[in-house]
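Heads up: the structure comes next, in structure tokens.
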Amino acid sequence: MDFQPTEDQRALRAGVRDLLEGRYGREALRASVDSGTAVDRGLWRELGAAGFFALRLPESEGGVGLGLPEAVLVFEEAGRALVPGPLVATHLAAGVVPGAAAGTAVVTAFDLGGDLVAYLGEADAVLGADGLPDGEPVRAADPLTPLHRVRRRGGAAPPSAPPGDAARDAPGSGSAYGPGYGSAYVAEGALLTAALQVGSALRTVELAVRYAGEREQFGQPIGAFQAVKHLCAQMLVRAEVARTAVYAAAVTGEPGEVAAAKLLADEAAVLGARDCLQVYGGMGFTWEADVHLHLKRAWVRAEQWRTAAEAEELLAAELLDSAELPDPAG
């Protein structure tokens with residue numbers, strides 16, 4: 001069995017990378033940060049025209065007709081480019097919310113648990129909701145992930161149970177805004193978010209290695225020092241292990257593998273960005289460097305769809321279910 005990407009999959013990934021490098025390169029990213037533009041509607045429509053959101057819709061419904069293995073490749077590239085916006089929610093809404101597949105609508109989701117919703121001010125719809133809830137802006141760590149604290153109709157706060165919680169996944173469950181997200185939404189959302197994290201983790205490896213080769217101290221590049229080599233090697237190992245887990249979960253679709261992939265990808269993205277900051281030294285903490293943007297986005301994504309604690313609980317439950325317990329009558 002061959003688990004390497006096919007020629008068509010590699011071409012898809014390369015095409016998306018070319019599109020994003022041409023349309024949302026570093027200059028566009030920095031312009032978004034400076035202007036506070038969290039969602040570029042023109043870029044959103046271009047992504048829709050390229051099939052980003054309709055990738056898994058059947059061709060009979062106007063989609064591309066591909067699957068999760070192709071979707072994670074595409075989202076990995078979006079994570080590498082730090083494309084802002086509710087990419088996962090809009091992708092999941094394709095075929096459900098009018099305009100989502102074509103990129104003419106921006107759809108967000110209750111993917112953070114509790115009462116926080118990302119991109120509410122930029123969204124046309126909320127996945128699974130009857131309308132846009134009222135929200136109060138709150139400060140966010142990531143300058144390109146604006147957050148709102150929402151209230152239930154009638155004044156009560158939304159349920160604190162995070163997406164993926166049994167109460168949220170139960171048939172017929174839901175909030176005041178609409179039906180709850182089923183386990184398929186949560187698993188797919190977690191996996192696609194993990195792919196975004198993998199793309200970011202791999203990008204921070206590239207940034208660290210490049211800077212280590214350019215920055216000189218004591219008459220040689222800092223990459224010649226063993227401590228820096230170790231940091232870069234650890235970053236690469238974490239990123240590649242996470243990428244392997246994400247690819248495997250996309251093929252199998254098993255809930256446990258999806259949870260493990262999200263857990264590994266969150267760790268690779270967050271720790272990778274922190275290690276990249278170490279390689280950059282004081283320069284990495286400045287506004288002009290991009291490293292802090294990867295770290296801040298990774299922090300937010302780690303809380304979306306399935307947190308580390310939720311993934312660990314799911315994996316622990318699977319292990320208990322699979323364990324052969326001794327017969328007490330034995």
Side-chain angles (χ1 to χ4, degrees), residues 37-41 43-45 47-48 52-58 60-63 71 75 83-138 140 142 144-193 196 300-301 303-307 310:
T37 304
V39 175
D40 180 339
R41 290 278 181 163
L43 173 62
W44 215 254
R45 288 190 294 271
L47 290 174
F52 188 98
F53 302 117
L55 192 72
R56 296 189 298 133
L57 272 185
S60 59
E61 298 178 22
F75 273 78
V83 177
L87 296 166
V88 173
T90 303
H91 179 90
L92 294 176
V96 177
V97 177
T104 56
V106 176
V107 183
T108 189
F110 298 107
D111 56 7
L112 283 166
D115 57 358
L116 293 178
V117 177
Y119 304 107
L120 184 62
E122 292 75 20
D124 301 302
V126 179
L127 186 63
D130 296 329
L132 287 174
D134 295 328
E136 177 184 350
V138 297
D142 178 18
L144 293 181
T145 307
L147 299 175
H148 282 72
R149 178 167 283 112
V150 300
R151 307 292 295 179
R152 270 181 180 266
R153 294 167 185 166
S160 58
D165 185 89
R168 202 85 170 260
D169 288 347
S173 66
S175 70
Y177 306 121
Y181 300 153
S183 57
Y185 266 158
V186 175
E188 291 175 1
L191 183 59
L192 295 176
T193 304
L196 291 171
V300 174
R301 288 175 180 154
E303 299 299 318
Q304 290 181 305
W305 293 107
R306 179 164 283 134
T307 65
E310 292 162 8

With no hydrogens and no angle check, is any side-chain donor or acceptor of [X] less than 3.5 Å from a backbone partner on [Y]?
X      : Y      : result
Thr307 : Glu310 : yes
Thr108 : Ala118 : yes
Tyr119 : Leu144 : yes

Arg41 and Asp124 ion-paired at < 4.0 Å:
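Yes, charged N to carboxylate O under 4.0 Å.
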
For residues Pro86 and Val39, determine if any side-chain heavy atom of one lies less than 4.5 Å from a side-chain heavy atom of the other.
yes

Report yes if some heavy atom in the side chain of Asp111 is under 4.5 Å from a heavy atom in the side chain of Val88; otherwise report no.
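No; the side chains remain at least 4.5 Å from each other.
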
For the [atom1] atom of [X] and the [atom2] atom of [Y], what is their distance to the nearest 0.5 Å?
X      : Y      : atom1 : atom2 : answer
Asp40  : Arg45  : CG    : CZ    : 8.0 Å
Gln304 : Thr145 : CD    : OG1   : 7.0 Å
Leu116 : Glu136 : CG    : CD    : 11.0 Å
Thr37  : Glu122 : OG1   : CD    : 9.0 Å
Phe53  : Leu87  : CZ    : CG    : 5.5 Å

Kindly assign one of parallel, tilted or perpendicular to the pair Phe52 and His91, based on the angle between their ring planes and the thresholds 30° and 60°.
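Perpendicular: the ring planes of Phe52 and His91 meet at over 60°.
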
If every non-hydrogen atom of [X] is compared with every non-hydrogen atom of [Y], which pair is closest and at what distance?
X      : Y      : value
Phe75  : Leu196 : O-CD2, 3.2 Å
Leu127 : Ala89  : CD2-O, 4.4 Å
Arg56  : Ala71  : CD-CB, 4.0 Å
Phe110 : Pro133 : CZ-CG, 4.3 Å

Does Val126 form a side-chain contact (heavy atoms from CB on, under 4.5 Å) with Leu132? I'd like the steps, not just the answer.
CA-CA 6 Å; Val126 179; Leu132 287 174; 3.7 Å; yes

Under 3.5 Å, sequence neighbours excluded: what are the donor-acceptor pairs made by side chains of residues 96-106?
residue : atom : partner : partner atom : Å
Thr104  : OG1  : Gly99   : O            : 3.2

For a side-chain contact (heavy atoms from CB on, under 4.5 Å) check, start with the C-alpha distance between Leu47 and Thr90, then their side-chain angles and the critical distance, and finish with the verdict.
CA-CA 11 Å; Leu47 290 174; Thr90 303; over 6 Å; no

If the condition is salt bridge (charged side-chain N to carboxylate O under 4.0 Å, His left out), which residues does Arg149 pass it with, not counting sequence neighbours?
Asp115

